[in-house]
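Have a look at the structure below before the remarks.
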Amino acid sequence: MITSQLISYFNETINDHDRFVEQWKRTSGGKVIGFLLTDVPEELIHAAGFFPYGICGSNVGQERVDAHLQNWACSLVRSSFALALQGRLDFLDGLIIPQTCDTTRMVSGIWKHARPLPLMENYLLPRQVDRPSARTYLVGELTRLKGRLENYRGTVITNDEISKSISLYNSNRKLLRRIFSLHEQNPECISNRNLYALIRAALIMPREILNDHLRQLVDALQQDCQSSSAAAQTRLIISGSVIEPLEILDYIDQAGGVVVGDDLQNGWRYIEADVRESGDPLEALADYQINRIPFAAYDTVSNPRRHFLVHLASQKQAQGVIFLHLKYCETENYDYYDNMQAFNKISIPTLRIETEFGGSSMGQLSTRVQAFMEMVGGEV
Amino acid sequence: MITAGVDAGNKYTRVVILKDGQVLAKGEVVSGFNQQKAADDSFNLALQEAGLSKENVNYVIATGAGKTEVAFSNSNITDLTAATKGAKFICPTARFVVDVGAEESRVAKIDKDGRVVDFAVNEKCAAGAGSFVEAMSRALEIPIEQMGELSLQSTKTVQINAQCAVFAESEVVSLIHANTAKKDIANAVNDAMASRIMSMVRRVGVEKDLVIIGGMANNRGFVKSMEDGLEMKVVLPAEPNFVGALGAAVVAAEKALNV
């Protein structure tokens with residue numbers, strides 16, 4: 001009972017996220033700094049005393065966007081921008097855009113022009129992650145961003161403040177990893193859909209509120225898991241930019257699949273590691289970023305994404321891989337062939353699904369997932 | 001042992017009754033708005049033809065877009081599995097199945113045991129489904145059944161370039177206004193359709209024997225366009241519309257053995 005109440009709370013929060021943030025703002029008097037997915041150092045924004053809010057795209061109409069962005073820009077950015085143009089992000093005091101691809105690079109100027117905010121900043125990730133200079137560069141970039149946040153706040157952000165924020169975010173990731181592991185052991189206990197809803201909630205809720213609820217949920221789930229036994233499930237990996245639409249997880253749930261890992265910006269990738277809590281906090285944040293799971297626009301030459309994916313699949317004993325690609329995400333599409341071939345070599349079947357915020361055809365999606373599960377599970 | 005397969009399609013609901021590996025009877029009705037009624041009606045038609053009652057049937061499997069609405073089925077499978085099982089039953093050497101229905105098309109590569117190795121399904125677009133050809137036949141004012149025969153008489157290659165069914169229709173209208181012969185337009189429509197299906201086939205990787213099933217397999221012009229494009233002969237079942245229901249009945253027979 002406690003579990004279902006808590007899960008409902010998280011689902012209601014993500015469904016009604018703008019109202020949730022507006023209410024938080026009214027009661028706390030705090031400031032909200034939005035960011036586009038992904039890899040923005042939320043710990044630094046939090047250390048400055050602001051609430052970092054991840055803009056995760058939406059299913060709202062994109063009629064207003066066409067006046068500003070081409071229709072071949074990816075729907076994650078288009079639908080996020082649509083929220084701003086419709087006034088549904090008016091609670092933002094600032095916006096930080098990580099420049100990870102052509103679209104994020106170009107939208108920053110357009111956003112600044114169309115919906116200016118008191119603090120607007122780009123976050124420039126290194127392009128060649130392998131090079132020794134990447135770390136030095138990133139520490140410099142984090143220092144620059146820290147300076148911009150200090151200017152906006154009016155006072156210096158101390159190392160102690162950053163360390164406290166790092167510790168808070170680490171504790172959040174630990175709680176989510178614990179839930180992920182309970183899900184992996186027994187998806188009856190927490191479904192694919194509900195697990196990923198929690199990770200999405202983490203992007204749009206202040207950590208203090210989130211952790212409090214997650215701790216209660218972990219306690220409740222540990223009890224639930226003890227009292228229910230795990231049925232055999234088909235183990236899957238999802239690879240892509242973001243999990244969209246969330247309904248795909250329902251179809252996997254219905255077909256008896258359990259997602260055991262991913263490289264999604266709002267999935268396992270978001271919670272898989274912690275930031276070092278000793279030494280210089282900016283250097284720790286840089287190291288954390290350099291060692292993050294690769295994605296299409298942030299990849300290394302020495303340990304490319306396909307190696308990571310194959311390793312993850314064997315480590316998690318995955319039986320199938322679903323590539324979830326956003327339409328017009330060039331970087332994902334260019335990676336696809338190599339990634340798919342890497343799984344072909346080790347005889348793990350794959351399925352590629354192209355999705356679009358607000359444009360996915362659910363009936364077909366359900367058939368394709370079900371057919372893939374029949375193929376992988378070998379039931380018929 | 002007697003089993004039945006129900007293919008609750010977007011346009012038609014079809015039933016095949018199977019007894020010890022032999023087709024006993026078939027039923028077909030328009031799906032309409034009430035899928036459950038269509039399933040009941042087509043099942044009753046088939047039972048009547050076979051001289052059986054529902055109680056004589058050991059196991060029923062549903063497939064197709066309305067599969068979950070078939071109340072009397074024991075379980076359901078996807079269209080893809082039904083298509084491959086049915087094609088394999090008809091043609092044991094089949095290694096590739098192309099199924100073009102009214103609203104969806106799908107292609108699948110299968111191994112020698114009939115298991116699906118890889119597949120593709122048309123994305124949310126009518127241009128790769130039978131309804132596209134139906135809309136074009138309306139624009140040409142000829143019955144859909146004649147689209148195939150007419151296109152085989154074509155003497156001139158005309159192209160339809162639009163990737164969208166609605167824009168393709170406006171291209172067809174432009175061709176009509178330019179006094180292009182109906183047979184050449186019909187041929188262009190079948191070529192355009194085959195081109196979309198072949199792009200899915202190539203994505204998965206074509207293999208012999210290739211079986212074409214679904215309503216479009218009745219269109220000889222489309223089949224010829226496919227054979228020309230793929231540079232190979234294809235296998236055509238006698239009643240391609242019933243292969244999905246047949247495949248469901250085959251799986252039902254396998255399941256019934258394990259019950």
Side-chain angles (χ1 to χ4, degrees), chain A residues 71-72 75 234 244-245 247-248 250-252 254-257 319-329 333 336-337 339-341 343-380, chain B residues 5 8-10 59 61-68 75-86 88 97 99 101 103-111 113-126 128-129 200 203-205 244 247-255 257-258:
Chain A
N71 58 10
W72 40 261
S75 57
T234 304
E244 171 60 30
E247 283 80 358
I248 192 173
D250 290 331
Y251 306 143
I252 297 174
Q254 286 154 14
Q319 294 157 276
V321 176
I322 297 180
F323 291 106
L324 206 54
H325 290 169
L326 279 179
K327 193 170 190 166
Y328 303 123
C329 180
N333 294 330
Y336 169 65
Y337 182 79
N339 293 344
M340 181 261 291
Q341 286 294 332
F343 284 113
N344 275 355
K345 276 184 195 154
I346 54 167
S347 301
I348 292 183
T350 62
L351 169 71
R352 178 179 180 271
I353 295 178
E354 195 170 76
T355 64
E356 222 179 340
F357 277 83
S360 298
S361 172
M362 298 304 171
Q364 286 199 352
L365 190 59
S366 152
T367 302
R368 296 178 73 185
V369 170
Q370 204 184 340
F372 182 66
M373 296 295 286
E374 283 176 357
M375 185 174 116
V376 175
E379 278 185 17
V380 283
Chain B
N10 284 306
Y59 206 96
I61 284 193
T63 186
K67 61 180 180 284
T68 54
S75 61
N76 65 64
I77 55 174
T78 59
D79 324 46
L80 194 88
T81 300
T84 53
K85 288 283 181 179
K88 184 83 182 159
V97 182
D99 178 8
E103 306 285 345
E104 266 188 15
S105 52
R106 51 196 83 84
V107 305
K109 180 150 63 179
I110 53 179
D111 65 14
D113 302 318
R115 288 172 56 95
V116 176
V117 180
D118 201 1
F119 69 94
V121 181
N122 73 319
E123 310 273 335
K124 43 169 188 180
C125 171
M200 286 202 293
R203 213 185 309 157
V204 174
V250 169
V251 177
E254 290 169 5
K255 291 252 184 189
L257 283 176
N258 298 325

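Here is the naming used below: chain letters follow the sequence lines, and residue numbers restart at 1 for every chain.
- Contact detail for A/M375 and B/V117: the closest heavy-atom pair is CE-O, 3.1 Å.
- At least one side-chain heavy atom of B/N122 sits less than 4.5 Å from a side-chain heavy atom of A/Q364.
- One distance of note links CG of B/D79 with CD of A/Q370; it measures 8.5 Å at 0.5 Å rounding.
- Considering CE of A/M373 and OG1 of B/T78, their distance stands at 12.0 Å, rounded to 0.5 Å.
- B/I77 is listed as a side-chain neighbour of A/E374, based on a closest heavy-atom distance under 4.5 Å.
- With a 4.5 Å cut-off on non-hydrogen atoms, A/L351 touches chain B through its side chain but not through its backbone.
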